[in-house]
Amino acid sequence: MQIEHPSSETEAQALQEALAAQVISDDQFDSVTTIAGTDVAYDDATNQLVGAIVVLDACTLEIIETQVVTESVRFPYIPGLFSFRELPPLLSAFERLTHKPDMIVCDGQGLAHPRRFGLACHLGVVLDIPTIGCGKTRLTGTHETPLETRGASTPLIDNEQVIGEVLRTQDNIKPVYVSVGHKVSLSTAKEWILKLTPKYRLPETTRQADQQVNKALKALQAQG
DNA sequence: GCGACAG
DNA sequence: ATCTTGTCGC
């Protein structure tokens with residue numbers, strides 16, 4: 001599976017604007033028994049990207065399957081055009097999965113994006129799978145600071161619209177930025193992120209994917 | 001014009 | 001992302 005590879009920034013933006021119309025921001029899924037996390041890291045020495053998808057049991061959060069791939073960079077990192085860089089390795093990893101997840105939590109924004117089409121939306125639309133965006137830092141929008149208690153949240157606003165939720169996942173710890181990816185409502189996305197953060201700031205899905213990516217990155221650097 | 005800008 | 005200074009935040 002491959003996405004279209006834009007050859008310019010303008011072309012990429014136009015593609016996002018066209019695809020953004022396909023995003024569904026309501027709950028459109030049945031039961032969620034497995035949930036996956038994704039992460040991508042960059043290796044300076046070889047100019048390659050390492051992408052990982054880890055599938056967890058949605059109830060016990062035990063790991064069911066892991067797939068890690070290493071590929072050459074096809075698009076530079078440009079804020080707002082993040083998905084064109086990270087999607088290729090993630091799609092490759094997804095194709096290899098034996099256990100296709102019922103939902104995916106992405107390491108980045110969904111609708112909380114200048115053109116309402118962040119990585120989570122792009123992955124969700126391309127795979128037609130429910131996705132949630134959960135970023136560590138803000139890309140766009142303004143917000144009040146949520147209370148310091150776990151579960152507290154404030155709306156993320158851009159152009160008079162609610163594009164996401166700033167959610168405190170642990171007491172006195174910096175909040176995360178939750179937004180709709182595809183086929184999952186904002187309120188449902190928020191519930192899932194809370195369920196996936198019983199102990200740490202970031203969702204277990206993201207943490208496991210991050211761990212796999214760094215393990216592969218270390219192995220890559222040990223070679224040459 | 002300057003600053004800000006997911007990873 | 002990664003590294004690092006220094007400590008409100010507009």
Side-chain angles (χ1 to χ4, degrees), chain A residues 3 6 9-10 12-13 15-17 19-20 23 37-54 68-93 104-126 131-146 148 154 156-159 163-167 169 172-182 186 189 193 201-203 205-218 220-221:
Chain A
I3 57 167
E9 201 166 328
T10 306
Q13 290 187 5
L15 193 51
Q16 288 184 325
E17 284 163 8
L19 290 172
V23 174
T38 73
D39 192 27
V40 176
Y42 174 64
D43 180 47
D44 268 316
T46 62
N47 193 38
Q48 288 183 309
L49 293 172
V50 177
I53 297 185
V54 179
V68 184
V69 302
T70 300
E71 294 182 356
S72 297
V73 173
R74 306 194 187 196
F75 201 85
Y77 169 67
I78 300 172
L81 300 178
F82 191 40
S83 64
F84 294 104
R85 178 183 177 88
E86 304 229 334
L87 269 196
L90 290 181
L91 292 177
S92 299
I104 302 175
V105 178
C106 298
D107 181 31
Q109 317 295 340
L111 288 181
H113 174 281
R115 288 169 294 282
R116 308 293 180 263
F117 198 69
L119 171 67
C121 297
H122 204 157
L123 185 64
V125 166
V126 168
T131 57
I132 293 171
C134 183
K136 294 183 277 291
T137 63
R138 182 194 69 94
L139 171 60
T140 192
T142 58
H143 64 88
E144 304 291 306
T145 300
E148 293 291 334
T154 54
L156 180 62
I157 309 290
D158 188 37
N159 193 29
I163 60 173
E165 198 87 28
V166 185
L167 176 66
T169 56
N172 303 104
I173 298 292
K174 184 179 179 180
V176 298
Y177 294 76
V178 181
S179 59
V180 169
H182 188 53
L186 183 55
I193 296 303
R201 179 194 174 215
L202 299 180
T205 41
T206 302
R207 295 186 67 249
Q208 295 293 351
D210 179 73
Q211 196 175 311
Q212 293 300 320
V213 146
N214 285 314
K215 180 175 151 192
L217 199 59
K218 190 175 176 182
L220 198 64
Q221 294 169 346

Worksheet item: When we call it a touch if two heavy atoms are under 4.0 Å apart, what does G133(A) touch: a base, just sugar-phosphate, or nothing?
Response: nothing

Worksheet item: Over how many whole Å does the gap from L123(A) atom CG to dG7(B) atom P extend?
Response: 16 Å

Worksheet item: Do we count Y177(A) as stacking onto dA6(B) if the rule is ring centres under 5.5 Å and planes under 30°?
Response: no

Item to complete: Go through L81(A) and R85(A) one step at a time and tell me if the side chain to side chain contact (heavy atoms under 4.5 Å, CB included) criterion holds.
Response: CA-CA 8 Å; L81(A) 300 178; R85(A) 178 183 177 88; over 6 Å; no

Discussion item. If I take atom CZ in residue R85(A) and atom P in nucleotide dG7(B), what distance separates them, rounded to the nearest angstrom?
Written reply: 13 Å

Discussion item. If I take atom CG in residue L217(A) and atom C1' in nucleotide dT2(C), what distance separates them, rounded to the nearest angstrom?
Written reply: 12 Å

Discussion item. With a cut-off of less than 4.0 Å, is there a side-chain N or O of T140(A) near OP1 or OP2 of dA4(B)?
Written reply: no

Discussion item. Could you tell me how far apart L139(A) (CG) and dG7(B) (P) are, to the nearest whole angstrom?
Written reply: 9 Å

Item to complete: Using the P atoms only, state how far dC10(C) lies from dC5(B), rounded to an integer number of Å.
Response: 13 Å

Worksheet item: What is the distance, rounded to the nearest whole Å, between atom OH of Y77(A) and atom P of dG7(B)?
Response: 7 Å

Fill in: Donor-acceptor contact below 3.5 Å, side chain Q16(A) vs main chain G118(A)
no

Item to complete: Using a cut-off of 6.0 Å, state whether more than 12 heavy atoms not belonging to E148(A) lie near its atom CD.
Response: yes

Worksheet item: Base, sugar-phosphate, or nothing for L81(A), non-hydrogen atoms under 4.0 angstrom?
Response: base

Item to complete: Kindly give the heavy-atom pair with the smallest separation between G110(A) and S179(A), and that separation in Å.
Response: N-OG, 2.7 Å

Item to complete: Could you give the distance separating dA4(B) and dG9(C) at their C1' atoms, to the nearest angstrom?
Response: 15 Å

Worksheet item: Is the Y177(A)-H143(A) ring centre distance short of 6.0 angstrom?
Response: yes

Item to complete: Give the rounded distance in Å between these two atoms: CG of D43(A) and C1' of dT2(C).
Response: 13 Å

Worksheet entry | Nucleotide dT2(C), atom C1' - distance to OH of Y42(A) in whole Å | 13 Å

Discussion item. Nearest whole Å is fine: how far is dA1(C) P from L119(A) CG?
Written reply: 14 Å

Discussion item. Can you see if the side chain of R138(A) gets near the phosphate of dC5(B) - specifically, an N or O under 4.0 Å from OP1 or OP2?
Written reply: yes

